[in-house]
Amino acid sequence: MFWANRTDKVAGVLLLLIVILSVVGFIAGTPLGEVDPFARADVDVMLRTIRESFGLWTASLVPFVIQEPLIVAVAALLYIIFRDRSQSLALLG
């Protein structure tokens with residue numbers, strides 16, 4: 001009965017998609033540099049790097065923007081899946 005319910009399948013696929021989008025977002029943002037955005041001396045370098053490669057910076061943010069509504073959907077699906085088994089587990093999900 002593990003994959004018997006369609007809700008379980010959808011939640012599993014969405015969780016995998018969230019992980020993939022996280023990895024893609026971090027990989028896309030890696031060439032932007034290793035500067036500390038909280039160090040006062042590195043802010044100028046970071047902003048210059050973003051200005052020079054604005055398309056890459058935007059592409060690194062797209063997976064995270066797509067990921068946010070998926071996280072809300074997964075939270076709702078996890079609640080639906082676990083509400084019959086354990087109320088505390090459903091709320092934790």
Side-chain angles (χ1 to χ4, degrees):
M1 287 288 206
F2 182 69
W3 287 101
N5 195 353
R6 181 178 287 167
T7 309
D8 295 345
K9 291 179 186 179
V10 171
V13 168
L14 288 179
L15 282 170
L16 289 174
L17 186 60
I18 288 170
V19 170
I20 291 169
L21 286 172
S22 294
V23 170
V24 167
F26 282 118
I27 290 173
T30 302
L32 292 176
E34 295 289 331
V35 295
D36 183 16
F38 300 109
R40 189 176 293 268
D42 290 344
V43 172
D44 185 44
V45 175
M46 183 187 68
L47 291 175
R48 192 176 313 118
T49 306
I50 289 173
R51 187 179 59 221
E52 290 170 358
S53 57
F54 187 74
L56 181 63
W57 181 72
T58 306
S60 70
L61 293 179
V62 169
F64 295 113
V65 172
I66 294 170
Q67 184 181 9
E68 297 305 319
L70 294 180
I71 291 173
V72 173
V74 166
L77 288 172
L78 287 176
Y79 179 79
I80 290 170
I81 291 170
F82 290 119
R83 69 179 171 197
D84 296 333
R85 296 177 181 94
S86 170
Q87 186 68 26
S88 59
L89 189 60
L91 291 175
L92 182 67

A.B. asks: Looking only at non-hydrogen atoms, find the nearest pair between Leu56 and Ala28 and report the distance.
C.D. replies: CD1-O, 3.5 Å

A.B. asks: Nearest 0.5 Å, please: how far is CG in Leu61 from CD1 in Ile66?
C.D. replies: 11.0 Å

A.B. asks: Using every non-hydrogen atom in the two residues, find where Ile18 and Gln67 come nearest and quote the distance to one decimal.
C.D. replies: CG2-NE2, 3.2 Å

A.B. asks: Of all the heavy-atom pairs spanning Leu14 and Ala73, show the shortest one and how long it is.
C.D. replies: CD1-CB, 4.2 Å

A.B. asks: Out of curiosity, Leu15 CG to Ile20 CD1, how far, rounded to the nearest 0.5 Å?
C.D. replies: 11.0 Å

A.B. asks: What heavy-atom pair brings Phe26 and Phe64 nearest, and what distance separates the two atoms?
C.D. replies: N-CZ, 3.9 Å

A.B. asks: Do Val24 and Trp57 belong together in a cluster built from hydrophobic side chains that touch within less than 4.5 Å?
C.D. replies: no

A.B. asks: Does some side-chain heavy atom of Glu68 sit less than 4.5 Å from a side-chain heavy atom of Ile71?
C.D. replies: yes

A.B. asks: Find the distance between CG (Leu70) and CG (Leu16) and round it off to the nearest 0.5 Å.
C.D. replies: 12.0 Å

A.B. asks: Taking all heavy atoms of Ala11 and all of Val74, pick out the closest pair and write down the distance.
C.D. replies: O-CG2, 4.5 Å

A.B. asks: Linking I/L/V/M/F/W/Y whenever their side-chain heavy atoms sit closer than 4.5 Å, directly or via other members, would Phe54 and Met46 fall into one cluster?
C.D. replies: yes

